[in-house]
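Proteins come first, then strands; the chains are lettered A, B, ... in the order of their sequence lines, and each starts at number 1.
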Amino acid sequence: MTATTELAPKYDPSAIEREVYQRWTDAGVFTASTQSEREPYVIVIPPPNVTSVLHMGHGLNNTLQDLLIRFQRMRGKEVLWLPGTDHAGIATQNMVERQLAKEGKSRHDMGREAFVERVWQHVHSTGGTILEQLKAIGSSCDWTRTRFTLDEQYSRAVRSVFVDLFHDDLLYRGYRVIHWCPRCHTALSDEEAEFRERDDHLYYIRYPVVDGGGDARVIVATTRPETMYGDIALVHHPEDERFHHLAGKSVVLPLSNVPIPIETSTYVERDFGTGMLKVTPAHDPHDFEIAGELEGEYDTPVVIDADALMAHDPRVPEAVRGLDRDAAREKTVELLQAEGLLERIEPYRHAVRHCYRCHTVVEPRLSDQWFVRMKPLAEPALEAYRQGRLRFVPERWGKVYENWLTEIRDWNISRQLWWGHQIPAWYCEAEGCEHVTVAMEAPAACERCGGAVRQDEDVLDTWFSSWLWPFATMGWPEQTEDLERFYPGHTLVTAPDIIFFWVARMVMAGYHFRQERPFTTVYLNGVVRDPQHRAFSKSLGNGIDPLEVVERYGADALRYTLVAGAAAGTDVILDRSAMDGTFAAGRNFANKLWNMGRLLLAAVGDEAPPPESLDAAQFELADRWILSRCQRVVTDVTEALERFRLNEAAGQVYHFVWDEFADWYLEQIKPRLYGSAAGGDVASAVAVHVFQHALRLLHPIMPFISEELWRHLPGEREQHLAAAAWPEPHATWVDEEAEDQFARVQALVTAVRTVRAEYGVAPGTEIRAFARPASPDALQAFNAEQRTIERLAKLSHLAVEEPPEEVGAHQVLPDGSSVFVPLGDAIDVRQECKRLAAERDRIDKQLSGVAAKLANEQFVGRAPAEVVERERDKERSWREQRETLADKLRALGC
RNA sequence: GGGCGAAUAGCUCAGGGGUUUAGAGCGCCUGCCUUACAAGCAGGAAGUCGGGGGUUCAAAUCCCUCUUCGCCCACCA
């Protein structure tokens, strides 16, 4: 017999988690094989930033992935959960630049090579921390396949994609206005420039009309007066009659004193501002487009530089040159006012684009960048969704995906950074030859003229490497065994905020480069928030560190809380100021499991035969009941997991294990286990069997404690639970009769307990009870389980017969049976009368409700027969209860 | 401007046309240190399911509308 002392009375997760994890990795449980015959199941991790540390969002996301992975592994799939990290261009570069700033240096002081070397150092020293932290929450990734988006092999994949797209004319170099972060000093894609509401002003500026006679003015409303020095024209809608008298005229650009023409454009909204718009092609993407459509040649004066400082340009007044854009705005307004050219200023709230990394207001900037032509790539990705080959859970996110792909615009992939994949394009430096060589490796010379070449200094958008993650991690473009075996994958688990950045683009890349979707289901987990529904963030300090939770409550408690608290795709609210309350359910549950394990270890021998090997005739009602319940729970939990109803699965195991197995079954079999009743071997065999099933069902959610208990219990302990088989329901053990009968036993025991509690019968006092069964089934149940009932309800005597004429308490059971507990002097007759009268009134209310329903011909005529029948049963039950109560009241002489 | 989601017990949330009397965890109240577990056991209180209207024999559930929160998208400068 295994000594109980092996397990401490309180579960201490920190004492076992590390070792358990070590045993899994030692045994290679997480390593996927390309050789097995099993069906594959693949998840690629959303690669966290290489320098990041684990936060609760990762905790939730990876717990869910691990749950699915462990579930499928136990179901016999050849499972691959591929881990890795992302080089995170802007984020990582910014981080290292901040370090340099503390040393009083900038990356420009060091030069590109030294800076990149420095970033690598940083990555090597701190990078990968997050992967270690994932182990602490139990993530069963295949660590032999860890990848990084800047690995040499991965870089080849990225370059290869660039070259392929270029040759397919899906990639081009374009000169246009893009989003520029003046702080990060790089271009951003549309997705990376996030809109944020901002309180601003609308400035109404007077532009004097050239030869307009006297003081003719055109008034233009703008939010950005400082860009006016770059104006090349004013435009109004061609059908706007208010301005027809100005046809062919020009205005003087105030402060710059250059004439600019008045033109027309259908782009202009007549109702906004004054109906006249200033065109600043270098500093507004739409103005750039308008300018392109205007007749004639126009310059595109650049009046704001890369640092968002005003240019030293003749158009810019001297007093404004070199000011940053905000100061320039103030100064410009001041100058306009001085010249009487400012009509008025109105408060104005609008959405302004900000850098998604540093939240600086983005500056539109005219420049050369590389773009991916997205429309053709989006087609198959859209088709896949519309034809149901790609599924979203919850479904509503599919519409978000579809909408974005439908409205898709070209993707700017150039970043003016040093950290990342340098663009594999080489420009010819020979005079007059403007040829661009795009190739996997540096060409020795220009492929057209043989002149010297210079590589594009920019790097690629981080997402231009991560969109290849599902296959570049498997060795693509080489045709590897992994690729053969594990692509396409199956489920992607991620947060909805990167549907555009990542999910949609992976689908596009998957179809374009592999002619196959990268996964079939996208499960979107929610966002972790605080009780005010604010997302966790460092600046707010409202976050909870998952590792602190692991330390205090254990990884399983963390996982249980996250899984049980996250219905498909809904946000998870966690309260930092109430850690104990937040994680209590998981921690308490783990402790409960632990103690159930202790009980079984103490009571059960070193061997427990499978219940099938026992003589079924020896099974008592409780045995048949728990075995039957167990089969149903296996079915329900399996189905819930298959349907991604993860929180329901968690709830089902929890309630089965705690409310049914522990509170009823284990309590019921104690006399048998302790030898005071016969049938101990049957009880322990059934108990171990059911508990083992529960541990299997629980393992994907709470891997550590389930594995540790599994190891101690008799059974297949030589095998890791992580690699054990998922249970199959045994239809032959489903026993509805036993479930019904045991439900009656439970009801009767509960009724007596209620009486004891309500009438304050001392816990030690044994009492008598008289049951009046409502049906032969009920009678059979009471008779069969008389001893169980007596024990669990602390009865000295249970009689299934007419109760004596005595004062006592009366309880009605759900099936209409009733129980009477004589209480003699313990009862206060007047109090009891009051209590019973209140009870009678309540029943009358119910009764009249049901009666009214049944009197309604519409209901009886139209509702399904079973519903009507149920109502009839209800009425019968209430009526009986009513009569019984009336008897009781009479007996008491109320 | 368009779209999506949420509003259910003190708190955090499930549920989703008829399932006895709407559920869970935490918290609260009462009684118990019953030899697996006080991180426990037993019992209990607590909700007119955000407001209003509608469809239906039947609405927390479906439809409309309003209010309040949150999110996403968007070229009226």
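Nucleic acid contact for Val860(A): none, since no nucleic acid atom lies under 4.0 Å from a heavy atom of the residue. Residue-level contact check: Arg872(A) touches neither bases nor backbone, having no heavy atom under 4.0 Å from any strand. Using a 4.0 Å heavy-atom criterion, one finds that Ala762(A) contacts no nucleic acid atom at all. Among the protein residues, Gly581(A) comes within range of the sugar-phosphate backbone only, with heavy atoms under 4.0 Å from sugar or phosphate atoms but none that close to a base. The residue Thr582(A) sits apart from the nucleic acid: no heavy atom pair falls under 4.0 Å. Arg353(A) comes within 4.0 angstrom of the backbone, heavy atoms only, and of no base. At a threshold of 4.0 angstrom between heavy atoms, the contacts of Pro285(A) with the nucleic acid are absent.
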**Request:** Starting at the 5' end of nucleotides 34-41 of chain B, put B wherever the base has a protein heavy atom under 4.0 Å, S where only the sugar-phosphate does, and a dash everywhere else.
**Result:** --BB-BSS
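Separating the CZ atom of Arg349(A) from the P atom of rA77(B) is a distance of 13 Å, rounded to the nearest angstrom. As a whole-Å value, the separation of Glu197(A) CD from rC73(B) P is 13 Å. Summarising the geometry, the separation between CD on Gln858(A) and C1' on rA58(B) is reported as 11 Å, rounded to the nearest angstrom.
Checked by distance alone, Tyr267(A) brings a side-chain donor or acceptor within 3.5 Å of a matching partner on the base of rC75(B).
Residues Val604(A) and Leu713(A) are not in side-chain contact: their nearest non-hydrogen atoms beyond the backbone lie 4.5 Å or more apart.
Residue Asn403(A) has its side chain nearest to rC73(B) when only rA24(B), rA77(B), rC73(B) are considered. With distances taken from any side-chain atom of Phe500(A) to the nucleotides rG25(B), rC76(B), rC72(B), the minimum falls on rC72(B).
Of the two residues contacting RNA chain B, namely Tyr654(A) and Glu648(A), the nearest-nucleotide position lying further toward the 5' end is that of Glu648(A).
The aromatic rings of Tyr553(A) and Phe583(A) sit parallel to each other, their planes meeting at less than 30°, with 60° as the upper class boundary.
Distances shown here put every side-chain N or O of Arg645(A) at or beyond 4.0 Å from the OP1 or OP2 atom of rA14(B).
Where RNA chain B pairs in unbroken runs of 3 or more (Watson-Crick or G-U, both distances under 3.5 Å), the stems are B:1-7 with B:67-73, B:10-13 with B:23-26, B:28-32 with B:40-44, B:50-54 with B:62-66.
In summary, the side chains of Glu194(A) and Tyr356(A) do not present any donor paired with an acceptor at a separation below 3.5 Å, with no hydrogens or angles considered. Remark: the Thr788(A) side chain and the Gln668(A) side chain contain an N/O donor-acceptor pair separated by less than 3.5 Å.
With respect to the salt-bridge test (charged N to carboxylate O, under 4.0 angstrom), the residues Glu739(A) and Arg632(A) qualify.
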